[in-house]
There are 2 protein chains.
Amino acid sequence: MAGAEEQAASKGKARAATSGRAKSRPRTKAEQRAQSLEQILDAAEYLFSKRGLDGVTLRDVAQRVGIHTTLLHYYFKDKTNLFEAVFARRAGVTSGRRMVALEQYEAEAGDNPTVEGALHAFLDTDLDLYYQGGEPWMNYAAFCARVSNTPEGAALMDQHFDPVVLKLMQILKRALPDYSEEDIFWGYHFVSGALMNTLGRTGRIDRLSGGVCHSDDFPAIKKRMARFMAAGFMALKR
Amino acid sequence: MAGAEEQAASKGKARAATSGRAKSRPRTKAEQRAQSLEQILDAAEYLFSKRGLDGVTLRDVAQRVGIHTTLLHYYFKDKTNLFEAVFARRAGVTSGRRMVALEQYEAEAGDNPTVEGALHAFLDTDLDLYYQGGEPWMNYAAFCARVSNTPEGAALMDQHFDPVVLKLMQILKRALPDYSEEDIFWGYHFVSGALMNTLGRTGRIDRLSGGVCHSDDFPAIKKRMARFMAAGFMALKR
DNA sequence: ATTATCTATAGATCTATAGATAATGC
DNA sequence: ATTATCTATAGATCTATAGATAATGC
């Protein structure tokens with residue numbers, strides 16, 4: 001019964017309906033595998049970003065791709081595994097890019113790194129990545145924001161993003177030699193909250209501001225965020 | 001089968017096991033009703049704060065209280081209704097208190113309101129409420145943070161918190177007469193992100209800082225947040 | 001009499017696995 | 001031969017409702 005529906009879905013509109021891709025079935029098995037993996041991850045990323053781990057069923061994901069639920073198990077063992085794969089797929093790219101940007105800034109700044117400089121490297125690099133990466137990257141950003149305050153998500157954040165954040169902390173400490181570690185960590189806590197709120201794009205600021213601001217206007221945020229936060233850090237000095 | 005288990009649970013340890021209260025069954029029906037409602041809301045609040053709407057089953061809630069799932073339907077119709085009731089229960093208190101604090105500050109400040117003054121009224125009042133309110137209020141704070149970036153939660157935020165936020169905006173505009181609305185709204189966007197990150201108490205900052213900071217140290221945050229954010233606002237001037 | 005609480009159960013999912021079938025790969 | 005995909009199905013929930021029972025209320 002349910003099987004018949006799913007079958008119809010997969011035969012009818014087929015996988016092409018979901019993403020722009022997949023016009024013709026790929027030839028080699030390697031290609032086919034790669035395409036299926038990517039389509040599954042894209043669909044899961046989108047759905048998890050909207051509804052969270054528990055709000056999405058494997059059937060939702062399968063239907064969005066136009067495949068059978070069982071294929072998800074074939075490729076990803078179970079739901080948790082799929083979730084972690086979604087997180088991991090792009091985590092290396094964002095953390096790598098920010099790491100490079102921070103190291104480059106550190107080299108440029110020499111003995112006089114500034115808070116604002118470090119924050120530009122950290123924040124702008126990331127905002128650019130999402131904004132320029134188009135829909136998939138924006139979805140990933142929303143996914144990260146959405147899961148960042150769940151136990152599962154927080155564990156993955158620790159695992160994938162601690163190194164970049166600690167690199168940022170290292171530069172901030174050099175920029176603020178007379179600050180306590182505590183002040184700097186709380187400053188970062190404020191920064192990361194604002195960043196997650198941005199990546200989430202819930203549309204709340206749009207409604208609140210009556211359309212003056214738009215959740216997905218990352219350029220507007222990039223223009224303000226590092227400057228705003230740097231000034232905040234400076235104000236913590238007593 | 002399942003029925004037998006639930007029965008055993010409700011007969012055995014009973015409701016007293018969950019919260020400190022409920023030593024003796026209340027006498028009147030009105031009291032009984034009130035107590036049941038409160039216990040259900042407390043349990044749901046706690047669980048929703050940890051796992052979100054879809055991560056919690058009605059059975060989880062019923063088990064935590066020590067009652068039958070069906071009683072949840074008796075009092076709250078369905079799951080959505082229960083969720084909204086959890087949100088609504090304390091929303092009026094927090095938004096009311098902040099509204100009073102903002103109006104009082106406005107009166108005190110006369111013609112010269114400051115950003116920092118307004119933010120102290122807005123933020124400190126709320127942080128105090130949660131911190132001094134003990135566990136239930138801390139759970140509510142985490143609940144709000146957790147659901148703030150979900151569609152269901154965002155709608156409730158709009159509904160319950162828009163008036164206070166717009167009151168804050170009104171004072172900020174007077175404090176920053178030469179600022180664009182856009183700048184002020186983005187500033188608020190940063191503030192609210194940092195606040196939600198605080199209310200969530202995910203423990204990420206604890207792990208990241210190696211124990212230097214603690215997620216539930218609201219006094220430490222209160223000491224820094226308004227000052228930090230006010231300086232951020234001032235830096236947006238070009 | 002009215003209200004709080006429980007029993008029993010319908011009906012709908014959901015995750016996961018075993019095993020069959022249909023493709024590509026040498 | 002190997003790998004991708006589907007069929008069939010087990011087993012475990014989950015939400016919600018109808019109707020019974022056990023308390024309090026006049």
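Letters A, B, ... are given to chains in the order of the sequence lines, protein chains preceding strands, and every chain is numbered from 1.
- Along DNA chain D, the nucleotide nearest Asp78(B) and the nucleotide nearest Ala30(B) are compared for position; the residue whose nucleotide lies closer to the 5' end is Asp78(B).
- Nucleotide dT2(C) forms a Watson-Crick or G-U wobble pair with dA23(D), both donor-acceptor distances falling under 3.5 Å.
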Check your understanding: How far apart are the C-alpha atoms of His160(A) and Ser95(A), what are their side-chain angles, what is the distance that settles it, and do they pass the side-chain hydrogen bond (donor to acceptor under 3.5 Å, both in side chains) test?
Key -> CA-CA 8 Å; His160(A) 291 276; Ser95(A) 101; over 6 Å; no

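- Close to dA4(C), at under 4.0 Å from its OP1 or OP2, lies no side-chain N or O of Gln35(B).
- Closest to the side chain of Lys79(A), from the set dT15(C), dC6(C), dT5(D), is dT15(C).
- Looking at heavy atoms from C-beta onward, Arg204(B) lies in side-chain contact with Asp158(A) at the 4.5 angstrom threshold.
- The Leu58(A) side chain lies nearest to dT15(C) when the options are dA4(C), dC6(D), dT15(C).
- Closest to the side chain of Thr70(A), from the set dT24(D), dA4(D), dA8(D), is dA8(D).
- Between dT5(D), dA16(C), dA4(C), one nucleotide has an atom nearer to the side chain of Arg33(B) than all others, and that is dA4(C).
- For Thr57(B), whose side chain is taken as the heavy atoms from C-beta onward, the closest listed nucleotide among dT15(C), dA4(C), dT15(D) is dT15(D).
- Distances from the side chain of Lys29(B) to the nucleotides dC6(C), dC6(D), dT2(C) place dT2(C) closest.
- Phosphate proximity of dT5(D) to His68(A): absent, as no side-chain N or O sits under 4.0 Å from OP1 or OP2.
- Note: Trp137(B) and Tyr130(B) have tilted aromatic rings, judged against thresholds of 30 and 60 degrees for the angle between ring planes.
- In this structure, Tyr74(A) reaches the bases: a heavy-atom distance under 4.0 Å links it to at least one base atom across the strands shown.
- Ionic pairing of Lys222(B) and Asp124(B) is not present here: no N-O contact between side-chain nitrogen and carboxylate oxygen is shorter than 4.0 angstrom.
- Using N1 to N3 plus N6-O4 or O6-N4 for Watson-Crick, or N1-O2 and O6-N3 for G-U wobble, each under 3.5 Å, dA18(C) pairs with dT7(D).
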